[in-house]
Protein chains: 2
Amino acid sequence: MGAAAERAAEESEEWAGVSPDAARRLVSAAVEAFAERGYHATTTRDIAGRAGMSPAALYIHYKTKEELLYRISGIGHEKALRIMGAAAEAEGSATERLGDAVRTFARWHAEHHTTARVIQYELQALSPEHYTEITDLRRRTDRLLRQIIQDGQDSGEFRADDVPGTTLAVLSLCVDVARWFTADGPRTPDEVGALYADLVLRMVGAAVGPARV
Amino acid sequence: MGAAAERAAEESEEWAGVSPDAARRLVSAAVEAFAERGYHATTTRDIAGRAGMSPAALYIHYKTKEELLYRISGIGHEKALRIMGAAAEAEGSATERLGDAVRTFARWHAEHHTTARVIQYELQALSPEHYTEITDLRRRTDRLLRQIIQDGQDSGEFRADDVPGTTLAVLSLCVDVARWFTADGPRTPDEVGALYADLVLRMVGAAVGPARV
DNA sequence: CGCACCCCTAAGCGCTTGCTCAGCAGCGCG
DNA sequence: CGCGCTGCTGAGCAAGCGCTTAGGGGTGCG
């Protein structure tokens, strides 16, 4: 299976864990609407309409509109955490692992930019308890990335004077892809991943291949 | 003068061009509320309350709630454009100008993170005409930065294979400061500016002082 | 003083919002 | 066939929204 086909399958299965079918259609519709207009500007009537149901049907599967956002945020951030974890726990030098982490993380934010936009920019609409639960997932993602950068610093591969600051910047860079990326833009998700991996490796002072003389 | 009063004074100075006094207080209150909750989750009653007036008073100075966001976005993006312009038109090498641009631009986004958050993340709430007008200001800021990077590429100071992509990444990095920065965090706006200038100069392959052996 | 003018408020209008509830269609099972 | 269960709808409620309007109080000028 090629990389494109693999990703297409992954796309259709983005909400595969949600059942029954009606609940999955609602999640998918909500992500679309939230990404387009924002959580507060989206009405439950709009979500239900996109899913092909009456407004009341939403409340059979979810107690509130906020619960929909909570479910989306949970699934999305767990996926993001797994992506970062796969790169962090792989074999290889810190340079290879950081390049992999940024490439896959940035690519996911481009490919799933609707989902990513919702889970990264609509968090403040969550209830306080749900908010702290979700930001905890974020902190774990952050720690994984920081460890890679710290490893490179310790091994002498990187020259990053301020490890926490650099981690923050790298994460911010990847996350913000979700804000500006559009499918009809000039860059594919793969190209964004490759570009960002290159930029970040230079940023931490790692030796990069062809660009360095 | 206490810290709160000092911040209030600085805050009101940011909108010095807005008069009369009641209109300025409303802008200031709206920025605070929009940054905290988002445009759609903010009520006109909340804005008026923060400004110490009745809900109806808002409509003496602004036709709609959207006009408030439009005024804030216009003033904010013009300020951002002037900051970038000052760095772009300064004397000096591309390295010096890019360092200056990133330092001042990132610092402004940290120092005025409430305003910056509103003007960078609430644009979609503007009317279509206002939206295109404001995004035009953004495009001009983008062009100034791209020219600096192109200059450095032409002179051989930088090694940035993809100038538009690198410009996008640098701008994205600076803008996203507004999302995560808080006044009670571990970094001052000056420190953020210095860190980001250093990271970006490495990113474009410029020769940076002490970090490079 | 008298009067005009500018800001402002109290009250409330029309509408939309998140959410509820009584009831109904379709299906599997005895 | 009848029965109950699941998943859904049509209608609608209370609350809150952006915004309007009629009127009042303070200030400066003749």
Side-chain angles (χ1 to χ4, degrees), chain A residues 15-73 118 122-131, chain B residues 12 15 17-73 118 122-131:
Chain A
W15 309 108
V18 183
S19 77
D21 182 68
R24 181 168 47 250
R25 263 157 49 220
L26 282 166
V27 166
S28 187
V31 166
E32 234 179 79
F34 291 162
E36 217 170 86
R37 306 199 218 279
Y39 175 83
H40 287 292
T42 299
T43 68
T44 54
R45 283 162 177 81
D46 183 22
I47 297 170
R50 285 176 196 244
M53 317 180 185
S54 77
L58 193 152
Y59 293 91
I60 294 160
H61 303 282
Y62 303 95
K63 277 199 293 288
T64 62
K65 180 173 120 175
E66 190 266 354
E67 196 195 328
L68 256 170
L69 178 62
Y70 171 59
R71 288 263 202 276
I72 292 164
S73 300
V118 174
E122 305 288 336
L123 285 188
Q124 54 153 4
L126 289 170
S127 72
E129 309 86 60
H130 289 162
Y131 180 82
Chain B
S12 72
W15 309 106
V18 182
S19 76
D21 181 68
R24 179 167 51 248
R25 262 158 49 220
L26 282 166
V27 166
S28 186
V31 167
E32 233 179 81
F34 290 163
E36 217 169 88
R37 307 199 217 277
Y39 175 83
H40 287 292
T42 300
T43 68
T44 54
R45 286 163 175 80
D46 183 22
I47 298 170
R50 286 177 195 243
M53 317 180 187
S54 75
L58 193 153
Y59 293 91
I60 295 161
H61 302 283
Y62 302 95
K63 278 202 291 288
T64 63
K65 179 173 118 174
E66 191 265 354
E67 196 195 328
L68 255 171
L69 178 62
Y70 171 58
R71 288 263 202 274
I72 291 164
S73 301
V118 174
E122 304 291 333
L123 285 187
Q124 55 154 2
L126 289 170
S127 73
E129 310 86 59
H130 288 163
Y131 180 82

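In what follows, chains carry the letters A, B, and so on, assigned in the order in which the sequence lines appear, proteins first and then strands, with residues in each chain numbered from 1. Values below: every heavy atom of this structure, side chains too, minus hydrogens, waters and symmetry copies.
Neither OP1 nor OP2 of D:dC17 sits under 4.0 Å from any side-chain N or O of B:His40. In this model, the phosphate group of C:dT20 is not approached by any side-chain N or O of A:Tyr59 to a distance below 4.0 Å at OP1 or OP2.
Side-chain atoms of B:Arg25 come within 3.5 Å of backbone atoms of B:Ala51 as a donor-acceptor pair (strictly under, hydrogens ignored). Formation of a donor-acceptor pair under 3.5 Å by the B:Glu66 side chain with backbone atoms of B:Ser127 is found in this model.
For the pair B:Leu26 CG and C:dC7 P, the computed distance is 13 Å after rounding to whole Å. Atom pair B:Lys63:NZ and D:dT20:C1' shows a separation of 15 Å (rounding to whole Å applied). Look at CZ on A:Arg37: it is 10 Å from P on C:dT17, rounded to the nearest Å. The CD1 atom of B:Ile60 sits 12 Å away from the C1' atom of D:dT21 (whole-angstrom rounding). To the nearest angstrom, P of D:dG18 lies 12 Å from CG of B:Leu68. Put simply, CG on A:Leu69 is 13 Å from P on C:dG18, counting in whole angstrom units. In this structure, the CG atom of A:Leu58 is 15 Å from the P atom of D:dG10, given to the nearest Å. The CG-P distance, from A:Asp46 to C:dT17, rounds to 9 Å in whole Å.
Residues in residues 47-65 of chain B take part in these salt bridge (charged side-chain N to carboxylate O under 4.0 Å, His left out) pairs, two or more places apart or across chains: B:Glu32-B:Arg50, B:Glu36-B:Arg50, B:Asp46-B:Arg50.
Toward the 5' end of DNA chain D, the nearer of the two residues A:His61 and A:Arg45, judged by each one's closest nucleotide, is A:His61.
Nearest nucleotide to the side chain of A:Ala57, out of C:dC8, D:dT9, C:dC19: D:dT9. Comparing C:dG18, D:dC19, C:dT9 by their closest approach to the side chain of B:Thr64 singles out D:dC19.
Looking at B:Thr64, B:Leu126, B:Thr42 one by one, the single match for side-chain contact (heavy atoms from CB on, under 4.5 Å) with B:Leu69 turns out to be B:Leu126.
In this structure, the side chains of B:Arg24 and B:Asp21 come closer than 4.5 Å at one or more pairs of heavy atoms. Side chains of B:Val118 and B:Tyr39 form no contact here, defined as non-hydrogen atoms less than 4.5 Å apart.
Heavy-atom distances under 4.0 Å link DNA chain C to B:Met53, B:Ser54, B:Ala56 of residues 47-56 of chain B, given in residue order.
Residues satisfying the side-chain hydrogen bond (donor to acceptor under 3.5 Å, both in side chains) test with B:Gln124, not counting sequence neighbours, are none.
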